[in-house]
Number of protein chains: 2
Amino acid sequence: MQLEEIKSKFERFLRQKGYKITRGRFEIIDKIADYGPHFEIEELVRWIANQNRSIASRSTIYRTVRLLQEFGAIREVIKLGNRTIYEFTAGKPHHEHLICVQCGKIIEFYKEEIEELQDKVCEEHQFTPLNHRLEIFGICSHCKAKSHED
Amino acid sequence: MQLEEIKSKFERFLRQKGYKITRGRFEIIDKIADYGPHFEIEELVRWIANQNRSIASRSTIYRTVRLLQEFGAIREVIKLGNRTIYEFTAGKPHHEHLICVQCGKIIEFYKEEIEELQDKVCEEHQFTPLNHRLEIFGICSHCKAKSHED
DNA sequence: AGCTAAATGAATATCATTTTCAATAGGAGG
DNA sequence: CCTCCTATTGAAAATGATATTCATTTAGCT
Ligand SMILES: [Mn+2]
Ligand SMILES: [Mn+2]
Ligand SMILES: [Zn+2]
Ligand SMILES: [Zn+2]
């Protein structure tokens, strides 16, 4: 289980930054890990609020997600309309996404060659890449099949 | 000059949809074409408002940008924070972007091989791609040089 | 235990974008 | 050219995600 490892690294991160170790922050990490691979903050806020014991307010959840991004355990992966979908990168290898615009399904993929070509492009432009995001929007096989039914 | 061509195709599009041909819509196209390759709507609204004769209200500008997206002359190319950067695709070939997180500079590029690999990935997942966006965030050569000065 | 700065929650603000609604203007038909 | 119907427009208000404010609480040091 690497969740504990991430939490202890996060603890070190907080200490080093002079931030405090609070129960709320670690409970939010647990909830995010429980929630699933991809989430929207509002969705998470509602999900947490619907549980017996509310562990943190909306403000704290937003603040903690920001902190976890700074730390590097969370990244923004899809931006569509006014929605931002995050993911808990927690030891997961880097990857990109196919997003079904019909049903919202998210498929993950990784193509080494695409990554290499990106580095090549950056070199050609003397550009120092920090991060990137490749979003492919389209129709998943399930939705495709369904639309042929009628 | 293909701007005129685009406008006449847009006119056909409007007619076909049962929409009306209004002066405002075409003046907004002219302004967008004048403005530059990439724009944010609020920026455009302010820019248009600062000109002698105001050609359209904020609402109409938003509505027209949406219409032009539907028509296919404009696409969302970068989403960073709460900012959306659009571009007038007006006959321009498809491309992706490098975005300097320091100065905001946008560099365009196109790599045929990346496009092909994307199609391959989609096939592998029986996914029908409609459109995609590859954003590479980093530091441009100019900002890099500047940060080495001190 | 006592002190101080950081964290928290609730309410409020912000910012981009959308919607509402009353007034106006295309454009089809006469 | 006139009339009527409907789409469009502008201004203001609403929305929705996220950020900020501020009074209160808490972590962590002495
Ligand atoms: Mn993912
Ligand atoms: Mn571009
Ligand atoms: Zn689907
Ligand atoms: Zn730069």
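In what follows, every chain begins at residue 1, and chains take the letters A, B, ... in the order their sequences are listed. This structure is a prediction, so every number in the text was calculated from the model and none was measured.
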Working to the nearest 0.5 angstrom, can you tell me the gap between Ile78(A) CD1 and Phe137(A) CZ?
7.0 Å
Looking at dG9(C), I'd like to know if its phosphate oxygens (OP1 or OP2) sit under 4.0 Å from a side-chain N or O belonging to Thr60(A).
yes
What is the distance, to the nearest angstrom, from the CD atom on Glu76(B) to the P atom on dA16(C)?
15 Å
Nearest-Å distance for atom pair CZ/P, residues Phe26(B) and dA25(C)
18 Å
Shortest side-chain distance from Lys20(B), nucleotide among dG27(C), dG9(C), dA11(D)
dG27(C)
To the nearest 10 degrees, what angle separates the axes at the start and end of the helix from dA1(C)-dT30(D) to dG30(C)-dC1(D), five pairs each?
30°
Phosphate-side-chain proximity, Thr84(A) and dT18(D), N/O vs OP1/OP2 below 4.0 Å:
yes
Between Phe13(B) and Phe71(B), what is the ring plane arrangement, given parallel below 30°, perpendicular above 60°, and tilted in between?
tilted
Quickly work out the Arg83(B) CZ to dA17(D) C1' distance and round it to whole Å.
17 Å
Between Glu116(A) and Lys111(A), is there a side-chain N and carboxylate O pair less than 4.0 Å apart?
no
Consider the side chain of Tyr19(A), meaning its heavy atoms from C-beta on, and name the nucleotide among dT19(C), dT9(D), dA7(C) that approaches it most closely.
dA7(C)
Show me the donor-acceptor pairs within less than 3.5 Å that the side chains of residues 62-69 of chain A make with the rest of the protein, sequence neighbours left out.
from	atom 1	to	atom 2	distance (Å)
Tyr62(A)	OH	Glu42(A)	OE2	2.7
Thr64(A)	OG1	Thr60(A)	O	2.7

If you look at every strand shown and take non-hydrogen atoms under 4.0 Å, does Ser59(A) touch a base, only sugar-phosphate, or nothing?
base
How many whole angstroms separate atom CD of Glu27(A) from atom P of dT8(C)?
11 Å
Provide, to the nearest angstrom, the distance between the CD1 atom belonging to Ile61(B) and the C1' atom belonging to dT8(D).
15 Å
Does the base of dG9(C) carry an N or O that pairs as donor and acceptor with the side chain of Arg63(A) under 3.5 Å?
yes
Can you tell me how far P of dG9(C) sits from CZ of Arg23(A), to the nearest Å?
11 Å
Out of dG28(D), dA19(D), dA16(C), minimum distance to the side chain of Tyr62(B) belongs to dA16(C)
Are the side chain of Arg25(B) and the backbone N or O of Lys20(B) linked by a donor-acceptor pair below 3.5 Å?
yes
Arg66(B) CZ to dT9(D) P, straight-line distance once rounded to whole Å
12 Å
Please work out if Arg25(A) contacts a base, only the sugar-phosphate, or nothing of the nucleic acid, heavy-atom cut-off 4.0 Å.
sugar-phosphate
Under a 3.5 Å cutoff, is there a donor and acceptor pairing between the side chains of Gln118(B) and His132(B)?
yes
Rounded distance (Å) that lies between atom C1' of dC15(C) and atom CD of Glu43(B)
15 Å
Pick the closest DNA chain D nucleotide for Leu14(B) and for Tyr86(A) by heavy atoms, then say which residue is nearer the 5' end.
Leu14(B)
Any salt bridge linking Glu70(A) with Lys17(A)? Criterion: basic side-chain nitrogen under 4.0 Å from a carboxylate oxygen.
yes
